[in-house]
Amino acid sequence: MSQARLILVAALAAAGVAVAAVPIAQAAPNPAPSAPPVGAETSVAVDPPPQPRWPEYVNGGSWPTSHVQGVVVDTENDLVYWSFTQMLVKTDLEGNVIGTVEGLTGHLGDIDLNREDGRVYGSLEYKAEEAFYIAIFDVDAIDRIGMDAETDGVLTAVHLEEVVEDFTADMDGDGVFDGDTGDTADHRYGCSGIDGVSFGPSFGARWGAEQNLMVAYGVYSNVERTDNDHQVVLEYDIDDWHAYERPLSQADPHRSGPDAVDEKYFLHTGNTTYGVQNLEYDQHTGNWLLAVYPGVKEEFPNYPLFMVEGARQPERGEIVGQPEYEEGQLLSLLPRGLHDEATDTWGWDFDASYGLESLGDGYYYGAEGRAVPGGDQEGEVHLYRWSGQPPNPFTPVAGSGEAG
């Protein structure tokens, strides 16, 4: 307390004026990205979220590509990035297009923003070349429509050898790799490549821990086998990835990348149709959301959305259904939402396969896509708030179906 304040307090006390205890002012801590997670009670909306500052609807335009596959919002700069499978689109929150990165011949999937370096990371597949990458976009440099993915210096890529090994695994031992098809015993764990990506803390880590990159497998739909009933998630610490980054050459795919993963996880959900389409760390609940195209095996409930209990430590255990006994790090579904007692599977009835973005404070963007006249594909996001109530934990924000 300053000397001047001590003199003032003494004077007031001498005059018989009561002085309330006032804490000494301290420097404010660095702001957290959101409030701490709400924990296990995610099925109950305890306090209503504050009024959103987000538009209730954003349209990402129509493009001569395949459908929208992922969306991420730069909440500091009010920018939206859209994966349209063969191109990346950059808009503002009013849907005005700022730039695009085009010329991709592979499959650009889910995307996420690395808030440490300000770049957008996405899954990128070239199955015929047996090459799987994390594409890294220098989004600050995207300033016009029609930028080229190979020649304009906005894209580098890191190769993931772990994915190649599982994708090309000769599981039936006949000495022949059967290629890009689900109708085979090949592909370890049913691996069809990668799709979902997200930054977040390691599973079981405290809230606010270091953010690593999580990459989820695509998984072939095949009802004739039982070794494809898990979702598979790879974890990478990307602190040293600058050493691996190379410009993308689609005619001559490079193989520069880490030799091994930092961790590999398994989540038993039942078989899905092409695995995790969108993976999202939910800073509001502290859990992980996995959006899928539902599976078709009749013995499973085939939910379109799963939630991993983020604070729970993975447990070492059997990866059930494998041709030979195998153990791995097993993740746990959050015991909330819909429950199938026969398989002890928890999930939700919400389609987020085109994109899901946690904005903080209990608000989310869910993406939708459709073909429009002329053959283009249109993408848009709608604003939701978290309720945690089954069967659908998201409530549309009023008016989110109309452009603002």
Side-chain angles (χ1 to χ4, degrees), residues 33 55 58-66 68-126 131-160 194-195 197-199 211-213 215 236-258 355 357 359 365 367 377 379 381:
V58 184
N59 189 289
S62 301
W63 306 97
T65 62
S66 184
V68 61
Q69 184 63 71
V71 177
V72 64
V73 178
D74 181 345
T75 56
E76 291 187 4
N77 298 299
D78 292 343
L79 298 170
V80 188
Y81 299 96
W82 311 73
S83 165
F84 275 89
T85 65
Q86 285 91 42
M87 65 188 297
L88 185 82
V89 177
K90 176 182 180 179
T91 75
D92 61 21
L93 284 174
E94 295 180 350
N96 299 308
V97 179
I98 298 170
T100 64
V101 180
E102 304 176 14
L104 293 170
T105 59
H107 178 277
L108 179 65
D110 190 16
I111 56 177
D112 200 13
L113 177 68
N114 179 0
R115 303 185 191 273
E116 292 293 323
D117 65 17
R119 299 187 295 176
V120 166
Y121 290 56
S123 59
L124 183 59
E125 299 182 322
Y126 295 88
F132 300 92
Y133 297 100
I134 293 298
I136 305 173
F137 294 89
D138 180 5
V139 290
D140 287 343
I142 301 174
D143 57 6
R144 66 184 185 276
I145 294 175
M147 299 186 76
D148 188 88
E150 293 189 80
T151 62
D152 278 326
V154 295
L155 175 62
T156 56
V158 174
H159 188 251
L160 303 183
I194 52 175
D195 226 326
V197 298
S198 184
F199 285 93
Q211 306 277 292
N212 284 342
L213 177 64
V215 183
Y236 292 96
D237 180 343
I238 64 167
D239 284 347
D240 60 353
W241 270 25
H242 286 286
Y244 302 126
E245 291 183 40
R246 300 288 186 275
L248 180 68
S249 172
Q250 296 174 111
D252 184 21
H254 74 75
R255 307 291 167 165
S256 177
E357 172 74 347
L359 298 166
Y365 274 138
Q377 286 283 333
V381 292

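This one's a predicted model, so the numbers in the text were calculated from it and none came from an experiment.
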Ring pair (Phe, Tyr, Trp, His ring centres under 6.0 Å) with His107: which residues, sequence neighbours excluded?
none

Looking at [X] and [Y], what are the two nearest heavy atoms and their distance?
{"X": "Ala367", "Y": "Val71", "result": "CB-CG2, 4.0 Å"}
{"X": "Leu155", "Y": "Ala135", "result": "CD1-CB, 3.6 Å"}
{"X": "Tyr133", "Y": "Ala157", "result": "CD2-CB, 3.8 Å"}
{"X": "Val158", "Y": "Pro258", "result": "CG1-CD, 3.6 Å"}
{"X": "Pro55", "Y": "Tyr365", "result": "O-OH, 2.6 Å"}
{"X": "Glu357", "Y": "Val73", "result": "OE2-N, 3.0 Å"}

Note, [X] side chain near [Y] side chain (heavy atom, < 4.5 Å):
{"X": "Leu108", "Y": "Phe137", "result": "yes"}
{"X": "Trp82", "Y": "Val58", "result": "yes"}
{"X": "Leu124", "Y": "Leu248", "result": "yes"}
{"X": "Val381", "Y": "Val80", "result": "no"}
{"X": "Thr91", "Y": "Asn96", "result": "no"}

Look up atom [atom1] in [X] and atom [atom2] in [Y], then write down how far apart they are to the nearest 0.5 Å.
{"X": "Gln211", "Y": "Ser198", "atom1": "CD", "atom2": "OG", "result": "8.0 Å"}
{"X": "Trp63", "Y": "Thr85", "atom1": "CH2", "atom2": "OG1", "result": "13.0 Å"}
{"X": "Arg119", "Y": "Leu113", "atom1": "CZ", "atom2": "CG", "result": "11.0 Å"}

Would you please name every residue forming a side-chain hydrogen bond (donor to acceptor under 3.5 Å, both in side chains) with [X], sequence neighbours left out?
{"X": "Asn59", "answer": "Tyr57, Glu378"}
{"X": "Asn77", "answer": "Asp74"}
{"X": "Arg115", "answer": "none"}
{"X": "Asp78", "answer": "Arg53"}

For residues 136-160, pull every pair meeting salt bridge (Lys or Arg N to Asp or Glu O under 4.0 Å), keeping only residues two or more places apart or in separate chains.
Arg144-Asp152

I need the full list of salt bridge (Lys or Arg N to Asp or Glu O under 4.0 Å) pairs touching residues 89-100, with sequence neighbours left out, sorted by first then second residue.
none

For [X], all residues meeting side chain to side chain contact (heavy atoms under 4.5 Å, CB included), sequence neighbours excluded:
{"X": "Asn114", "result": "Glu116, Asp117, Tyr121, Phe199, Ile238"}
{"X": "Asp252", "result": "Ser249"}
{"X": "Ser123", "result": "Ile194, Asp195, Val197"}
{"X": "Ser256", "result": "Tyr244, Arg246, His254"}

I would like to know whether Trp241 and Tyr236 meet side chain to side chain contact (heavy atoms under 4.5 Å, CB included); could you show each step before the answer?
CA-CA 10 Å; Trp241 270 25; Tyr236 292 96; 3.7 Å; yes

Could you list the donor-acceptor pairs under 3.5 angstrom formed by side chains in residues 98-105, with sequence neighbours left out?
residue	atom	partner	partner atom	Å
Thr100	OG1	Glu102	OE2	2.7
Thr100	OG1	Gly146	N	2.7
Thr105	OG1	Gln250	OE1	3.0

Looking only at atom types and distance, does a side-chain atom of [X] sit under 3.5 Å from a main-chain N or O of [Y], one as donor and one as acceptor?
{"X": "Gln377", "Y": "Val68", "value": "no"}
{"X": "Ser83", "Y": "Asp110", "value": "no"}
{"X": "Glu245", "Y": "Thr156", "value": "no"}

